[in-house]
Amino acid sequence: MPELPDVEHHRRTVAEHATGQRVERVAINDPALLEGTSPQGLGRSLVGRTVTAPRRHGKWLILEFDGEDGPHLLVHFRMTGRLVWHEDGEVAGDDAVALHLEHGVLAYRSERRLGAVWYLPPGTEREEVTGPLGPDAVTLDRNGLAEVLGDRRGGLKSALLDQARIAGLGNELVDEVLWRSRLHPRRRAASLEPDELDALHQQLRIVLRRAIRAGHVPAGPTWLNGQRAEREPRCPDCGGPLVRERIAGRTTLWCPTEQPPPGVGG
DNA sequence: CCTAATGTTTGTGC
DNA sequence: AGCACAAACATTAG
């Protein structure tokens, strides 16, 4: 579930509750979810430091600490990760990594244990952990989008999911944006006409803005995403049945009426 | 029992 | 090299 809007929600949680507070101690319940250092090493690096303004790039949350060359924590949520703020200072058993601060506890959980918290030593490049990341989807302008898709030979959906090209879009966001842009996910990425690029960029902005406001990709009656869990999903727009098939390795929903499949050549 | 699930990595093959 | 696909990762829900 966590895509860009969910990570942005977690970033705001940190900004509202944790920024400006000193780390008093760290508690590691699940060492497997702490990468790049040991529990003891994390304590040595962070205790006494103050949490500064959190940043986000794509689906990565970047926690920073004060000091000349303060260390960073890089947080990825994968399928089921999330951050929890404990005002009362109590941690739960499923809090894998917890930072005890002056007025509460910031805890990372990952139910299916796919995500993790990476310790990034001072002076280390972020890309060594995150791999190459394209521009954040929020900051991508229309020409940037054209650039990212233009030299791609493959399908539109797989291009939009490629974090090295555009950082932050996941399965739900991409299906939603393609549906609203009336573009079929199997279109060749480089085959879009200027007006199609305009529509894609405009819908991307609208969907991102609304999803960030909600803290997740909405699943209301006017959202394609609301049909994802339905046994017989229907197009919220035309009422016809949606197609559910595997595209770019992911379960994909699309409307056969509003998103015509590409013809020969893309 | 089996299958599928949000994301990413890795291996394989065209 | 670029891209697609499958499997793997760990766990739960159906």
Side-chain angles (χ1 to χ4, degrees), chain A residues 1-10 29-36 56-61 74-83 92-97 108-118 126-134 136-137 147-179 184-191 207-208 211-212 214-219 223-233 242-253 261-262 265-266:
Chain A
M1 314 246 206
E3 302 186 20
L4 188 156
D6 310 77
V7 181
E8 179 63 17
H9 169 76
H10 294 312
N29 261 334
D30 189 346
L33 299 195
L34 175 65
E35 305 265 4
R56 181 192 57 72
H57 190 113
K59 300 172 192 173
W60 286 91
L61 180 65
L74 302 178
V75 183
H76 203 292
F77 300 92
R78 294 278 179 102
M79 305 284 234
T80 58
R82 60 193 177 110
L83 280 182
D94 39 5
D95 291 329
V97 175
Y108 174 80
R109 300 178 179 179
S110 181
E111 186 177 56
R112 292 176 203 175
R113 305 177 70 234
L114 289 171
V117 175
W118 277 260
R126 187 200 68 195
E127 290 218 338
E128 290 181 29
V129 170
T130 66
L133 292 178
D136 188 87
E147 208 170 294
V148 150
L149 298 179
D151 66 345
R152 182 100 175 185
R153 282 181 296 171
L156 182 55
K157 174 158 183 173
S158 68
L160 292 171
L161 285 171
D162 185 349
Q163 301 299 300
R165 294 186 167 254
I166 308 172
L169 303 184
N171 195 39
E172 294 180 357
L173 278 174
V174 168
D175 279 6
E176 188 74 37
V177 170
L178 289 177
W179 172 68
H184 192 280
R186 286 196 204 273
R187 288 283 300 273
R188 299 300 93 188
S191 77
V207 167
L208 276 177
I212 285 173
H216 55 89
V217 187
W223 289 71
L224 180 80
N225 197 44
Q227 298 296 307
R228 193 163 286 277
E230 296 296 321
R231 200 170 50 84
E232 290 179 353
L242 295 170
V243 177
R244 189 185 338 244
E245 65 177 330
R246 217 160 172 81
I247 298 175
R250 320 300 304 281
T251 302
T252 302
L253 280 185

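Protein chains get the first letters and strands the later ones, always in sequence-line order, with residue 1 at the start of each.
Among the atoms of the strands shown, only primed sugar atoms or phosphate atoms (P, OP1, OP2) are found under 4.0 Å from some heavy atom of Arg228(A). Using a 4.0 Å heavy-atom distance criterion, Gly115(A) is classed as making no nucleic acid contact.
When the P atom of dA8(C) is taken as reference, atom CZ of Arg78(A) falls 16 Å away, rounded to whole Å. Between Asp162(A) atom CG and dG7(B) atom C1' the separation is 13 Å, expressed in whole Å. In this structure, CZ of Phe77(A) is placed 24 Å from P of dC9(C), rounded to the nearest angstrom. Going from atom CD of Glu3(A) over to atom C1' of dT8(B) covers 13 Å, rounded to whole Å. The distance from atom CG of Leu160(A) to atom C1' of dC3(C) is 15 Å, rounded to the nearest whole Å. Rounding to whole angstrom units, CG of residue Leu114(A) and P of dC9(C) are separated by 11 Å. Rounded to whole Å, the distance from CD on Glu172(A) to P on dT8(B) is 13 Å. Rounding to whole angstrom units, CG of residue Asn171(A) and P of dG7(B) are separated by 5 Å.
Phosphate proximity of dA4(C) to Ser158(A): present, with a side-chain N or O under 4.0 Å from OP1 or OP2. The side chain of Arg165(A) places no N or O atom within less than 4.0 Å of a non-bridging phosphate oxygen (OP1 or OP2) of dG2(C). Contact check, Arg250(A) against dG7(B): a side-chain N or O comes under 4.0 Å of OP1 or OP2. Put simply, Gln163(A) has a side-chain N or O that comes within less than 4.0 Å of OP1 or OP2 on dT8(B). A sub-4.0 Å separation between OP1 or OP2 of dT11(C) and a side-chain N or O of Arg113(A) is present. At least one side-chain nitrogen or oxygen of His76(A) sits closer than 4.0 Å to the OP1 or OP2 atom of dT8(B).
Electrostatic pairing of Asp175(A) and Arg250(A) does not count as a salt bridge here, judged by no charged N lying under 4.0 Å from a carboxylate O. A salt bridge is defined here as a Lys NZ or Arg NE, NH1 or NH2 lying under 4.0 Å from an Asp or Glu carboxylate O, and Glu245(A) with Arg186(A) meets this definition.
Between the side chain of Glu176(A) and the backbone N or O of Asn225(A), at least one donor-acceptor pair lies under 3.5 Å. Looking at Asp136(A), its side chain never comes within 3.5 Å of a backbone N or O of His57(A) through a donor-acceptor pair.
Spacing between dG11(B) and dA10(C) at atom P, rounded to whole Å, works out to 16 Å. Annotation: dA1(C) and dT8(B) have their P atoms spaced 24 Å apart (nearest Å).
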Salt bridge (charged side-chain N to carboxylate O under 4.0 Å, His left out) assessment of Arg165(A) paired with Asp151(A):
CA-CA 11 Å; Arg165(A) 294 186 167 254; Asp151(A) 66 345; 3.1 Å; yes

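Atom CH2 of Trp60(A) and atom CG of Leu133(A) lie 8.0 Å apart (nearest 0.5 Å). Atom-to-atom distance recorded for His9(A):NE2 and Leu61(A):CG is 11.5 Å, nearest 0.5 angstrom.
In this structure, Arg246(A) and Glu111(A) both approach DNA chain C, and ranking their closest nucleotides by distance from the 5' end singles out Arg246(A).
Using a 4.5 Å heavy-atom threshold, the side chains of Val207(A) and Leu173(A) count as touching.
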Pairing string of DNA chain B (Watson-Crick or G-U wobble, both atom distances under 3.5 Å; | = paired to other strand) is .||||.||||||||

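Distance from the side chain of Arg153(A) is smallest for dC3(C) among the nucleotides dC3(C), dG7(B), dA5(B).
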